[in-house]
Amino acid sequence: MTTARLDEPAWRLRDRVARGECSAVEIAREALQRIEARDPDLGAFLWMDAEGALASAAQVDRARASGQPLGPLAGVPVAIKDNLCVRGTPTTCASKILEGWVAPYDAHVVERLRAAGAVIVGKTNLDEFAMGSSTERSAFRVTRHPLDRERSPGGSSGGSAVAVAAGMVPLALGSDTGGSVRQPAAFTGIVAIKPTYGRVSRYGLVAFASSLDQVGPMASDVRGAALGLDVIAGHDGRDATCSDRPVPEHMAAADQPARGLRVGVCRDGLEGCEPGVVRALELATQALRDAGVSTHDVALPHARLGVSVYYLIATAEASSNLARFDGVRYGLRIERGDALETTAATRATGFGPEVRRRIVLGTFVLSAGYYDAYYLKAARVRTLIIRDYEAVFARCDALLGPTSPTAAFRLGERLEDPLSMYLADVFTLPPSLAGLPAMHVPFGRDERGLPVGVQLVGRPFEEPTLVRLASALESRAPR
Ligand code: GLN
């Protein structure tokens with residue numbers, strides 16, 4: 001029997017299928033076996049769809065046998081974060097309030113994956129409604145770091161990160177509102193792209209903070225992530241904020257040299273970072289110089305306000321978005337005397353503590369008398385952050401900085417201290433507030449052997465520039 005080589009990146013696996021070196025069914029079986037063997041211990045998946053996976057793989061093999069053209073992800077096993085609708089499968093957002101709810105339709109990104117020949121194997125764990133940075137806030141299970149079971153894989157897309165990092169699938173989708181694909185990618189040593197706001201349709205992504213949410217690919221290498229973006233990016237009329245700009249070729253950009261690009265290096269906030277993270281940034285800066293990139297020190301004076309601004313805007317939007325979970329339309333229903341009491345009982349039982357905290361905070365900042373003092377002020381500071389980036393991008397093609405101030409922290413370490421959890425996203429929140437594309441690129445390990453890396457941030461819709469730089473870094477990363 002030939003081995004399906006599941007450890008290979010998505011693009012190479014697809015090429016093998018296209019050349020007939022291994023069948024899509026063979027690969028799907030290997031992925032399912034690996035999940036069965038590794039996941040009881042790691043907890044990356046909430047739901048599996050073995051039957052569906054084997055059926056779509058068989059369809060790819062039939063298409064190949066009859067000489068039909070194959071899609072760019074033909075036969076590639078993909079895992080989907082459980083806040084994205086996959087028709088006919090449970091979609092719970094890792095919340096008790098949606099337990100038992102089965103999505104009646106596919107998210108736009110899932111339609112795109114299917115059309116590209118991808119084989120969807122299951123739904124991955126997350127912090128409830130994507131609110132968190134450790135995947136410990138799931139109502140169903142904790143996800144563990146593949147290199148150290150006592151550590152967190154980050155979050156909220158921790159399940160997708162572990163599915164990729166532990167070699168169960170080469171590609172997964174996550175969602176990123178303030179860092180949720182980048183920070184878990186940093187913790188687990190994989191690549192993730194948070195696209196420009198509007199690059200990817202949010203149709204079928206359960207809304208958290210609608211002015212920030214984007215779906216992003218998480219993959220074992222730069223090309224794999226870029227290929228994922230090639231497949232999911234582009235216009236969709238069902239999301240009014242989705243751009244109709246033409247989609248450039250992201251994977252092809254990995255072959256373009258980075259030479260001649262100008263990169264701003266932002267060292268703000270480095271004093272709060274672990275030494276391993278600082279070292280990765282210095283080494284990555286040098287690696288870009290070696291690749292012919294010019295580097296320039298830059299500052300983003302308002303970025304340090306990102307955490308405060310984000311926790312006002314994101315909670316305000318969340319309090320409004322989560323009002324739809326009322327015990328009538330979806331999932332859980334705790335029957336009480338009248339409609340109001342039923343809704344109150346359902347929400348009090350169905351939402352976990354972090355989600356309740358955010359709803360309360362968001363409702364407060366939007367209430368009469370506080371709206372101007374908190375929400376409106378946050379919206380104004382958000383504009384100042386956007387202007388900081390505009391000033392830098394007038395001189396630089398991209399920005400380089402840390403993704404996370406620390407490598408993977410221990411499970412439980414931050415659970416009782418929300419502020420320390422929120423600070424895990426200090427570097428990923430500002431690009432989200434500005435709607436900019438941002439990417440995590442692994443760059444070696446720290447002294448404990450935990451993955452570290454860097455974040456690249458680009459001008460709106462200039463993901464290909466990030467991919468060029470990421471590819472230069474990937475080929476020079478310490479082994
Ligand atoms: N960790 C941040 C939060 O808790 C960001 C989460 C996300 O990007 N979904 O809100």
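Every value quoted in this text rests on a predicted model; they were computed, and no experiment measured them. Both ligands and their constituent atoms are indexed starting at 1 by order of listing.
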Query raised in the report: Going by heavy atoms, is Y422 under 4.0 Å from ligand 1?
Result: no
Query raised in the report: Does an N or O from Y310, backbone or side chain, lie closer than 3.5 Å to an N or O of ligand 1?
Result: yes
Report task. Just jot down the ligand 1 atoms closer than 4.0 angstrom to any heavy atom of G178, in number order. Result -> 5 (C), 7 (C), 8 (O)
Query raised in the report: Is A314 in contact with ligand 1, taking contact as a heavy-atom separation below 4.0 Å?
Result: no
**Report entry** Nearest protein heavy atom with distance in Å, relative to atom 7 (C) of ligand 1
**Finding:** S180 OG, 2.4 Å
**Report entry** Side-chain donor-acceptor contact under 3.5 Å, S134 with S152
**Finding:** no
Requested in this report: Indicate the ring-plane relationship of Y371 and Y375, choosing parallel, tilted or perpendicular according to the 30° and 60° boundaries.
Outcome: tilted
Query raised in the report: What class does the angle between the rings of F129 and F325 fall in, given that below 30° is parallel, 30 to 60° is tilted and above 60° is perpendicular?
Result: tilted
Query raised in the report: With a cut-off of 4.0 Å, which atoms of ligand 1 are near a heavy atom of T177?
Result: 7 (C), 8 (O), 9 (N)
Requested in this report: Would you kindly specify which portion of F129 sits under 4.0 Å from ligand 1, judged on non-hydrogen atoms: side chain, backbone, both or neither?
Outcome: neither
Query - Between D213 and T177, a side-chain donor and acceptor under 3.5 Å - result: yes
Query raised in the report: Once the angle between the rings of Y374 and F364 is folded into 0 to 90°, is it parallel (under 30°), tilted (30 to 60°) or perpendicular (over 60°)?
Result: tilted
Query raised in the report: How far is atom 2 (C) of ligand 1 from its nearest protein heavy atom, and which residue and atom is that?
Result: D425 OD2, 3.2 Å
Query raised in the report: Charged N to carboxylate O under 4.0 angstrom, R468 versus E463?
Result: no
Query raised in the report: Roughly how far, to the nearest 0.5 Å, is the CG atom of L113 from the CG atom of L171?
Result: 7.0 Å
**Report entry** Atoms of ligand 1, numbered as shown, that sit under 4.0 Å from any heavy atom of S156
**Finding:** 9 (N)
Report summary line: Residue pairs passing the salt bridge (Lys or Arg N to Asp or Glu O under 4.0 Å) test with at least one member in residues 78-101, sequence neighbours excluded, are D82-K123
Report task. Give the numbers and elements of all ligand 1 atoms closer than 4.0 Å to a heavy atom of M131. Result -> 4 (O)
Query raised in the report: Tell me, which pairs form a ring pair (Phe, Tyr, Trp, His ring centres under 6.0 Å) where one or both residues lie in residues 189-248, sequence neighbours left out?
Result: Y105-Y203
Query raised in the report: Going by the atom numbers of ligand 1, which of them fall below 4.0 Å from some non-hydrogen atom of Y311?
Result: 2 (C), 3 (C), 4 (O), 10 (O)
Query raised in the report: If you measure every N/O of L429 against every N/O of ligand 1, is any gap under 3.5 Å?
Result: no
Report task. Mind checking whether A130 contacts ligand 1 via backbone (N, CA, C, O), side chain (CB onward), both or neither, at a 4.0 Å heavy-atom cut-off? Result -> both
Query - Within reach of ligand 1, part of R358 (heavy-atom separation under 4.0 Å) - result: side chain
**Report entry** Near-ring test Y422/Y310, centroid separation under 6.0 angstrom
**Finding:** no
Query - Min N/O separation G132 to ligand 1 under 3.5 Å - result: yes
Query - Polar proximity ligand 1 side, F208 side, N/O cut 3.5 Å exclusive - result: no
